[in-house]
Amino acid sequence: METTIEAVHLTLPDGSVRTVPPGTTPLEVAASIGPRLAKDAVGAELDGRKVDLRLPLAQGGAFRIFTVKSPEAGEFIRHSAEHVLADAVKRLWPEAEIDAGRKDHSEKFQYDFRFPRAFTPDDLARIEDKMREILAEKSGFERIEVSRGEAERVFRDLGETLKVERLKEIPEGETITLYRDGRFTDLCRGPHVQNLSQIGAVKLLEASGVYWKGDESNERLQRIYGTAFGSEKELAEYLAQVELARARDHRRLGQELDLFSFNPLAPAMPFLHPKGAAIYIALIDYVRELNARYGYGEVVTPQILDVELWKTSGHYDNYQENMFFTEADEREMAVKPMNCPTHCLIFGTRLRSYRDLPIRYADFGRLHRYERSGVTNGLFRVRSFQQDDAHVFCTEEQVESAVLAATGMILELYRTFGFDEVRIELSTRPAKRIGSDELWDHAEASLARALDGRCIRYQVNPGDGAFYGPKIDFHVQDALGRSWQLGTVQLDYQMPQRFGLKYVAADGAEHQPVMIHRAMLGSVERFLAILIEQTAGAFPLWLAPVQAVVLPVSEKFAGYGERVRAALAAAGVQVELDDRNEKLGYKIREAQVQKIPYMLVVGAREQEEGTVAVRRRAGEDLGALTVDAFLARVGDLVASRSREL
RNA sequence: GCCGGCAUAGCUCAGGGGUAGAGCUACUGUCUUGUAAACAGUAGGUCCCCGGUUCAAAUCCGGGUGCCGGCUCCA
């Protein structure tokens with residue numbers, strides 16, 4: 001229950017404290033600081049939470065005002081533009097029903113409508129014009145607290161039945177607020193800008209059909225996406241940023257750098273060209289090295305197996321719609337979507353002793369999963385791929401140390417790629433699950449203990465575990481700020497049971513081993529895509545498909561160039577010779593565009609001295625080095641998997 | 001799978017009911033090249049596929065396939 005307080009203490013960014021009576025609004029606080037601040041204010045923040053300027057303050061805390069110039073203003077601006085969008089659509093098509101906007105306004109806004117047809121690009125242009133008209137009216141936002149009954153009456157009278165539904169989602173006891181700007185009123189918890197003149201630029205981006213409340217079985221609504229900023233300049237900067245991100249799209253770079261392609265004859269199944277495959281193989285080689293060091297034995301398992309196996313594993317019942325099937329010798333067969341069942345078969349080929357455990361199998365087997373058309377996306381989401389997959393069979397007592405070892409291995413691997421921001425999530429029992437609660441208690445506790453023991457920080461993600469066991473997921477942030485779930489460590493008590501796996505313990509009795517699923521890169525295809533976008537195609541030396549290119553200044557030095565190429569190739573460098581009849585500038589430009597780490601220029605001087613003139617892809621000239629000196633440099637960088645050149 | 005868009009030379013794209021266009025690339029020749037694009041010429045097409053409308057379809061209409069942006073799902 002709220003206690004009545006007599007004064008609200010606000011700590012401003014400069015450390016000073018301002019004391020105001022409860023019910024004072026941030027706007028009033030701003031006005032007390034200065035008229036200019038009050039005029040420019042778009043919103044406020046209390047203890048890290050963005051709040052509306054018109055919110056009566058009930059308690060104190062760290063407090064600041066955002067103005068149109070603040071980077072944080074965007075969220076208030078876009079949230080407010082969202083209402084303008086809804087208003088514009090209603091003005092153009094009064095019969096449209098409004099549903100709701102977006103929660104996250106860090107980049108975009110959106111609004112869903114019940115509308116009999118899809119919005120066309122022409123519609124978007126009309127709506128955008130209408131929005132500008134509305135912005136020109138410069139209405140202020142009004143915050144109105146209402147009772148549930150009042151709110152329901154308002155939207156019933158307006159014929160907004162979707163809104164009435166949305167109202168029911170608001171938990172009992174929560175304050176219900178409406179926001180009104182000009183003629184438009186919406187159910188909204190805010191916060192919004194002071195008035196529409198603070199929205200300097202709007203742009204509608206696209207329209208799409210969406211399922212109501214995100215549920216496929218529900219009716220379809222029409223969604224419009226847009227973005228807004230305080231000024232046209234900021235909008236232009238945002239659009240330029242988007243354009244820049246497009247330039248490092250891995251599908252585009254995959255073609256430009258001749259890494260991979262797709263063919264309609266095998267939809268969503270990538271063809272890796274020699275250069276793409278070179279990176280892919282280098283990644284796998286690295287994982288192999290780690291596997292060997294951490295005690296994994298690599299196995300090779302079949303691609304197509306009798307459905308009997310998949311019935312045993314549970315995939316036939318739970319995963320069928322994602323599997324490819326075929327038939328041979330009048331037996332129904334399935335192409336494997338996962339490796340784990342085959343590893344259970346290997347484990348079961350002989351009597352295992354507790355002395356043998358943990359047994360660790362690694363597998364780079366090719367997996368095929370039928371993905372619904374429309375969900376595939378470049379190398380990010382494909383129908384044919386490999387994982388750096390592994391399964392650890394261990395005793396109950398070994399779970400904690402095995403999980404810890406896998407975690408350490410995963411973190412070591414991420415450091416190599418410079419993914420220093422790793423978010424770890426512990427996903428616990430989902431509603432739909434198998435196994436007793438005691439087993440889940442135990443499994444979740446084992447994972448938590450493993451992480452706590454090493455003081456590894458993690459978030460609990462309740463209810464997001466696999467149906468057979470809890471898991472630890474590893475998320476990394478890429479250069480574009482996107483988060484990817486890569487690695488996973490999953491506890492599984494079910495698969496060993498289904499396959500009747502046993503080991504003989506010290507007491508001579510048979511026990512069931514625990515299975516741990518482990519992946520680090522996740523899908524190698526997807527990891528490659530992330531890496532392409534992360535590096536914009538400028539791979540670290542150890543991954544670069546072509547590490548150096550020899551560039552003779554003219555045809556006269558092609559012979560010396562070839563000798564250099566051969567010497568480097570013999571030492572294991574992936575090197576090419578560009579002996580085409582072109583000017584040096586032309587060859588350099590092309591090598592640069594291809595992001596080749598080193599360009600080795602050879603002419604009269606170099607031939608004379610037995611050197612190469614080294615240019616790095618970033619543009620610096622390292623001067624002349626002997627072939628041996630260059631080899632030493634490259635050798636060290638490759639051996640250490642350095643991200644430097 | 002669902003909503004919308006797109007599909008023209010190897011690539012990026014223009015055009016458009018009546019003989020198919022550009023730049024880059026490729027190839028050939030001239031030049032013999034010194035750190036991000038020498039010059040000239042040549043070649044290159046079932047305008048995604050199937051059907052319909054029309055005297056005539058790459059263009060208009062319908063269906064299919066693939067891709068793109070979303071939704072849902074997910075490594």
Side-chain angles (χ1 to χ4, degrees), chain A residues 108 110 112 115 117-121 123-124 205-225 242 246 249 251-252 255-256 258 261-268 319 321-322 337-339 367 369-389 473-474 484-488 490 517 519-530 551-558 580-594 599-606 613-624:
Chain A
K108 294 178 184 177
Q110 70 189 37
D112 295 352
F115 197 63
R117 60 176 178 84
F119 290 107
T120 64
D123 290 336
L124 294 191
L205 300 169
E206 65 225 348
S208 166
V210 297
Y211 303 107
W212 185 52
K213 293 186 180 177
D215 185 335
E216 254 180 318
S217 57
N218 282 345
E219 79 169 294
R220 178 167 291 282
L221 303 180
Q222 300 300 329
R223 175 175 299 171
I224 296 173
Y225 291 89
V242 168
R246 233 169 61 88
D249 186 309
R251 291 167 300 193
R252 179 184 172 134
Q255 188 197 58
E256 288 174 1
D258 196 17
S261 63
F262 287 91
N263 189 293
L265 295 175
Y319 207 69
E321 62 280 10
N322 282 295
M338 296 186 195
N339 294 309
L367 307 177
R369 297 184 187 174
Y370 173 75
E371 300 286 355
R372 302 152 100 195
S373 69
V375 308
T376 60
N377 178 337
L379 291 180
F380 284 143
R381 185 89 176 267
V382 292
R383 288 176 172 167
S384 170
F385 63 106
Q386 287 172 218
Q387 291 177 321
D388 58 334
D389 201 11
D473 289 327
F474 297 79
W484 298 96
Q485 192 218 300
L486 298 181
T488 184
Q490 306 183 356
H517 305 248
M520 304 191 287
L521 304 175
S523 142
V524 185
E525 276 73 3
R526 198 188 60 172
F527 191 82
L528 175 59
I530 294 168
L551 306 178
V553 159
S554 83
E555 284 180 328
K556 282 188 271 186
F557 308 104
R580 290 174 306 173
N581 181 17
E582 294 289 351
K583 298 185 87 140
L584 181 62
Y586 180 90
K587 296 185 199 181
I588 287 187
R589 178 185 151 77
E590 192 164 289
Q592 198 90 21
V593 167
Q594 289 293 308
M599 286 151 254
L600 308 177
V601 176
V602 294
R605 284 197 296 280
E606 289 75 17
V614 183
R615 179 194 162 100
R616 289 204 282 200
R617 76 179 153 210
E620 321 92 299
D621 189 346
L622 298 186

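- As judged by a 4.0 angstrom heavy-atom cut-off over every strand, A:Gly522 is placed among residues making no nucleic acid contact.
- Contact between the side-chain N/O atoms of A:Tyr211 and the OP1/OP2 oxygens of B:C3 is not found at any separation under 4.0 Å.
- Annotation for A:Arg246: atom CZ does not count as buried by contact number, only 12 or fewer foreign heavy atoms lying within 6.0 Å.
- A 3.5 Å limit on both hydrogen-bonding distances identifies no Watson-Crick or G-U partner for B:C47.
- Taking a pair to require two hydrogen-bonding distances under 3.5 Å in either a Watson-Crick or a G-U wobble arrangement, B:A38 pairs with B:U30.
- No N or O donor and acceptor, one from the side chain of A:Arg223 and one from the base of B:C3, sit under 3.5 Å apart.
- Within 4.0 Å of A:Ala519, counting heavy atoms only, lies no atom of the nucleic acid at all.
- Rounding to whole angstrom units, CZ of residue A:Phe557 and C1' of B:G34 are separated by 10 Å.
- Within 4.0 Å of A:Ala268, counting heavy atoms only, lie sugar-phosphate atoms of the nucleic acid but no base atom.
- Remark: B:A20 base-pairs with no nucleotide; criterion is Watson-Crick or G-U wobble with both hydrogen-bond distances under 3.5 Å.
- A distance cut-off of 5.5 Å between ring centres, combined with a plane angle under 30°, leaves A:Phe119 outside any stacking arrangement with the base of B:G4.
- In this structure, A:Tyr586 reaches the B:U25 phosphate: one of its side-chain N or O atoms is under 4.0 Å from OP1 or OP2.
- The listed nucleotides are B:C71, B:U35, B:A75; the one nearest the side chain of A:Gln485 is B:A75.
- Checked against B:U35, B:A36, B:G66, the side chain of A:Asp621 finds its nearest nucleotide in B:U35.
- OP1 and OP2 of B:G4 both lie 4.0 Å or more from every side-chain N or O belonging to A:Ser208.
- With a cut-off of 3.5 Å on both pairing distances, B:C74 has no Watson-Crick or G-U wobble partner at all.
- An OP1 or OP2 oxygen of B:U12 is reached within less than 4.0 angstrom by a side-chain nitrogen or oxygen of A:Gln255.
- For B:G34, its base sits under 3.5 Å from the side chain of A:Glu606 at one donor and acceptor pair at least.
- Nucleotide B:C6: paired with B:G66 (Watson-Crick or G-U wobble, both distances less than 3.5 Å).
- A donor and an acceptor atom never sit less than 3.5 Å apart when one is taken from the side chain of A:Gln592 and the other from the base of B:A37.
- Using a 4.0 Å heavy-atom criterion, one finds that A:Ala604 contacts the bases of the nucleic acid, with or without backbone contacts as well.
- With a 3.5 Å ceiling on both atom-pair distances, B:A14 lacks any Watson-Crick or G-U wobble partner.
- Taking a pair to require two hydrogen-bonding distances under 3.5 Å in either a Watson-Crick or a G-U wobble arrangement, B:U54 remains unpaired.
- Rounding to the nearest 0.5 Å places CG of A:Leu205 at 11.0 Å from CD of A:Gln110.
- Comparing B:C71, B:G34, B:A75 against the side chain of A:Val375 picks out B:C71 as the nearest.
- In the set B:U35, B:U32, B:C71, B:U32 carries the atom at the smallest distance from any side-chain atom of A:Lys556.
- Contact annotation: A:Arg580 reaches the phosphate of B:A26 (side-chain N/O to OP1 or OP2, under 4.0 Å).
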